[in-house]
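What's counted below: heavy atoms across the whole structure, side chains too, no hydrogens, waters or symmetry copies.
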Amino acid sequence: MSRFARLARLLLALLVMTVLVAACGTAQDDPPRGADLPKDFPVEQVPIVDGTVLSADGNRADGWSVTVQGAREDGNVLDAAVKTLTDDGYTESQRSGDGGQQVVILSAAKGGTTYWVQVGTAAGAAGGGASVFYQVSV
């Protein structure tokens with residue numbers, strides 16, 4: 001199985017976990033305050049869309065996973081995430097979709113390191129269609 005197929009399956013598993021966690025809340029819950037990004041997340045090399053960080057974990061050795069809820073009025077959050085990355089020098093190498101889920105794979109060389117970013121969305125994810133997830137590896 002290719003590396004991208006394994007990463008896509010990992011992203012799908014992370015997305016399912018995010019949906020399950022979100023399903024535990026109610027409409028009366030306070031809005032999310034936002035999670036902290038991991039201390040070694042490459043914020044300068046991997047720009048993410050503005051919004052509330054719903055979940056974030058990982059490290060340089062294993063890769064990072066981040067889910068962000070964007071503002072609904074900002075439109076398609078996946079398009080915004082891809083544009084943010086391409087505006088920062090990333091090149092899109094693959095785009096796929098299945099059953100309302102979409103994943104885009106991009107890469108860029110930054111400071112002598114190549115960053116691979118899978119960014120995706122699913123209508124049933126935490127935050128609905130306004131959330132986007134990132135899987136970042138070096």
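N59 places a side-chain N or O within 3.5 Å of a backbone atom of D62 that can act as its donor or acceptor partner.
Contact between S65 and Q135 at its shortest, heavy atoms only, is OG-OE1, 2.6 Å. Considering every non-hydrogen atom in both L85 and P47, the closest pair reads CD2-O, 3.6 Å. Scanning both residues, W116 and I105, for their nearest heavy atoms gives CE3-CG2, 4.0 Å.
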Enumerate, atom names and distances included, each donor-acceptor pair closer than 3.5 Å involving a side-chain atom of residues 34-41, sequence neighbours excluded.
residue : atom : partner : partner atom : Å
D40     : OD1  : W64     : NE1          : 2.9
D40     : OD2  : R60     : N            : 3.0

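Applying the salt bridge (Lys or Arg N to Asp or Glu O under 4.0 Å) rule to pairs touching residues 80-89 yields K83-D87, D88-K110, sequence neighbours excluded.
Atom OG1 of T114 and atom CD of Q45 lie 12.0 Å apart (nearest 0.5 Å). Taking CD of Q118 as the start and OG of S93 as the end, the distance is 9.0 Å to the nearest 0.5 Å. From Q101, atom CD reaches atom CG of L78 across 12.0 Å, with rounding to the nearest 0.5 Å.
Between L106 and T86, the closest side-chain pair of non-hydrogen atoms falls below 4.5 Å. The shortest side-chain heavy-atom distance between R95 and V82 falls under the 4.5 Å cut-off. In this structure, the side chains of V46 and Y90 come closer than 4.5 Å at one or more pairs of heavy atoms. Counting heavy atoms from C-beta outward, Y134 and V49 have side chains that approach closer than 4.5 Å. Side-chain contact between I48 and T84 is absent, with no heavy-atom pair separated by less than 4.5 Å.
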